[in-house]
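Written out below as structure tokens is the structure these notes cover.
FYI, side chains are in, hydrogens and waters are out, and symmetry mates aren't considered; it's all heavy atoms of this structure. For reference, positions follow the sequence shown, starting with 1.
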Amino acid sequence: MRTSHVIGMAAISLLFWNTPALIAQESSGAAASANAAAAGVRQTEMDEYTRYELLAPESASFKIRYEVTATAPGAMVYYNPIRKGSVASDEAVYDAMTGEPLKFEVIGGEEARKDPLMAGEAATSDFIKVHLARPVPADGEGRMVIVKTYKDAKSYFREGDTIVFQRSLGIRRNSVVLPAGYELVECNVPSQVLPEADGRIAVSFMNAGPGEAALTLKAKLGAQTAASAAPRALTTKKSWEAPFAGETERERLSERAHQDRDIVYFLQQPETHSFSLYHDYTESRPGVNRYLNVVREGSKASNPSAYILDTGEKLTTRVMTGAEMVAEKITAEEPVSPTTEVVLIPFTPVKKGQSIRLRISETYTAPASYGLDGDDLVFDRSLGRPRNAVVLPAGWYLLASSILASVRQLPDGRIRLDFWNGRPDPVDVLIKAKRRVGAGTESSSK
């Protein structure tokens, strides 16, 4: 087993690494992991995103930044597999909430399998075993960032004057950054192409399909370097082609795959015109101390609640109007009319280098978006996030969906549709459903 490492984001961060605190953390962590094991919990994760930075071609190496969220309740460790055929080095792990380094070690598969979290996993792979900063809360998350460098000549190599990055990617959200001076000449997976601040070219995509993305990316020398490569600052200008106001240049050229907002709608029985929902988002801007959820016109919000996914801490909520916001000198990032409903959620100001992830739950009543057309259930709503889901009420089967979706049945029999939208604009979702044969007017809940 490789020796343990603790690596700081910067030298100053090591000042906060407290040995007594670490001992206490390990003690409580062992208890939490034991409780998770006793409950038969297996390791689970979500919200994975990987960024590959291709290093000098002759090195056959690339730097990886892997963002992942542990979701097994009570778990205090997380196991990240090291891919076969790749030689890993320069590993570091950080807690995404505080930015502080996390303790980890590299272990073999046989040792990993001794942890009930990993029961049944293959023993042939090595793992980075990460000691989380705190137990994963019930209905919460343990976010981390794993940084490492891989050397893998089968994935990253030269073909004449062309460099090739060829790799099957099981993670659903990815970006690949070319070395300075290289232009993209081929990419077989539909992707956004975006400039880095220093002018390097990045390729980014979301894979909503059932299998791995067999990515082949090719590039050649020819791109500008140094100051001349830097892109011009993005603006709030909107497309002259759009038949409506549309998104700004800054919004259109933001990396869609890395956006961290997602939402799940739980449709109640259509006679109510109501649906409950939760939406998650991460706040990392220093000094920000509140979230304002502007309720769209035609909808009315009720029963708001919020908590921090990282810790389980409950937050206060307040429903107010645009007029009340003006009176209290609260500003929103979008225009708000005097009668518009706004849900205000205050929290402790975010510190530099840190972040929090919130889950906000509400019930909306929206007759224009949801109801009955004869005997048909109709849900007609514009969904703007990259990842959206809609759960039909109990007793209904899917009849139609205007937008491509993956569909699955939940253990309680309800149907869930997932809409992954890699475009920078919303999708206008129209869903229709009918009652199942023999179904009554069952109530729907989360």
Side-chain angles (χ1 to χ4, degrees), residues 139 208 243-246 261-281 293-306 317 319-322 334 336-337 339-343 359-421 423 425-446:
D139 297 321
F244 49 89
R261 298 185 179 221
D262 48 81
I263 189 167
V264 182
Y265 295 85
F266 299 88
L267 304 186
Q268 298 180 9
Q269 292 300 322
E271 295 87 353
T272 67
H273 305 291
S274 297
F275 44 87
S276 59
L277 60 85
Y278 71 77
H279 49 108
D280 300 347
Y281 102 104
N293 180 40
V294 179
V295 180
R296 71 176 72 179
E297 296 296 331
S299 297
K300 184 172 181 57
S302 60
N303 305 318
S305 64
T317 61
V319 179
M320 57 195 313
T321 65
E334 58 186 281
V336 177
S337 73
T339 58
T340 296
E341 277 190 333
V342 180
V343 180
R359 172 161 292 176
I360 298 124
S361 299
E362 300 161 288
T363 297
Y364 276 19
T365 301
S369 294
Y370 181 49
L372 283 170
D373 179 11
D375 292 332
D376 290 355
L377 174 155
V378 178
F379 180 74
D380 186 356
R381 199 165 179 88
S382 178
L383 306 183
R385 291 169 174 80
R387 292 173 290 166
N388 311 268
V390 178
V391 179
L392 299 184
W396 294 80
Y397 69 91
L398 180 63
L399 182 66
S401 173
S402 63
I403 300 297
L404 303 179
S406 57
V407 180
R408 61 189 171 96
Q409 188 170 40
L410 301 179
D412 64 5
R414 290 179 296 165
I415 298 299
R416 171 172 169 148
L417 297 88
D418 282 273
F419 301 92
W420 276 40
N421 176 24
R423 293 166 52 105
D425 52 352
V427 290
D428 293 330
V429 170
L430 174 60
I431 295 172
K432 295 191 175 187
K434 283 187 175 292
R435 289 190 189 276
R436 289 177 178 147
V437 175
T441 55
E442 305 160 80
S443 63
S444 173
S445 62
K446 280 191 185 180

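Interatomic distance, Y364 OH to S276 OG, rounded to the nearest 0.5 Å: 12.0 Å. Between atom CG of residue L392 and atom CD of residue Q409 there is a gap of 10.5 Å, rounded to the nearest 0.5 Å. For the atom pair R436 CZ and W396 CH2, the distance stands at 11.0 Å (nearest 0.5 Å). Here the CZ atom belonging to R387 is positioned 4.5 Å from the CG atom belonging to D262, to the nearest 0.5 angstrom. N388 contributes atom CG, which lies 7.5 Å from atom CG of N421 (distance to the nearest 0.5 angstrom). For the atom pair OG1 of T363 and CD of Q268, the computed distance is 5.5 Å after rounding to the nearest 0.5 Å.
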What do the steps show when you test F379 against Y265 for ring pair (Phe, Tyr, Trp, His ring centres under 6.0 Å), and what is the final call?
-> CA-CA 11 Å; F379 180 74; Y265 295 85; 5.6 Å; yes
Chi angles and distances behind the side-chain contact (heavy atoms from CB on, under 4.5 Å) call for L377, L267 | CA-CA 10 Å; L377 174 155; L267 304 186; 4.3 Å; yes
Is there a side-chain contact (heavy atoms from CB on, under 4.5 Å) between I415 and V407 once you walk through the steps?
-> CA-CA 7 Å; I415 298 299; V407 180; 3.6 Å; yes
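The minimum heavy-atom distance between S299 and E341, with the atom names listed, is O-OE1, 4.2 Å. When every heavy atom of I403 is checked against every heavy atom of F419, the shortest pair comes out as O-CE2, 3.5 Å. Counting all heavy atoms, side chain and backbone alike, Q269 lies closest to Y370 at C-OH, 3.8 Å. In terms of heavy-atom proximity, T340 sits nearest to V295 at CG2-O, 3.6 Å.
Taking the side chain as every heavy atom from C-beta outward, E271 and L372 approach each other to under 4.5 Å. Taking the side chain as every heavy atom from C-beta outward, L430 and V378 approach each other to under 4.5 Å. Between S382 and D428 there is a side-chain heavy-atom pair separated by less than 4.5 Å. Proximity of L398 to I431: side-chain heavy atoms (C-beta onward) are separated by under 4.5 Å at one or more points. Inter-residue side-chain proximity for R385 and D280 is flagged as unmet; no heavy-atom pair is nearer than 4.5 Å. Side-chain contact check for K300 versus S302: every heavy-atom pair is 4.5 Å or farther apart. Contact of the V390 side chain with the R381 side chain is not registered, since no non-hydrogen atoms from C-beta on lie closer than 4.5 Å. By the 4.5 Å heavy-atom criterion applied to side chains, P304 and E362 are counted as neighbours.
Annotation: L404, atom CG; neighbour count of heavy atoms from other residues, nucleotides and ligands within 6.0 Å does not exceed 12. Counting non-hydrogen atoms of neighbouring residues, nucleotides and ligands closer than 6.0 angstrom, the CZ atom of R296 exceeds 12 such neighbours.
Looking at residues two or more places apart in sequence or on another chain, you find a side-chain contact (heavy atoms from CB on, under 4.5 Å) between L410 and V391, R408, D412, R414, R416.
Relative to the ring axis of Y281, R261 places its NZ or CZ within 45° and under 6.0 Å from the centre.
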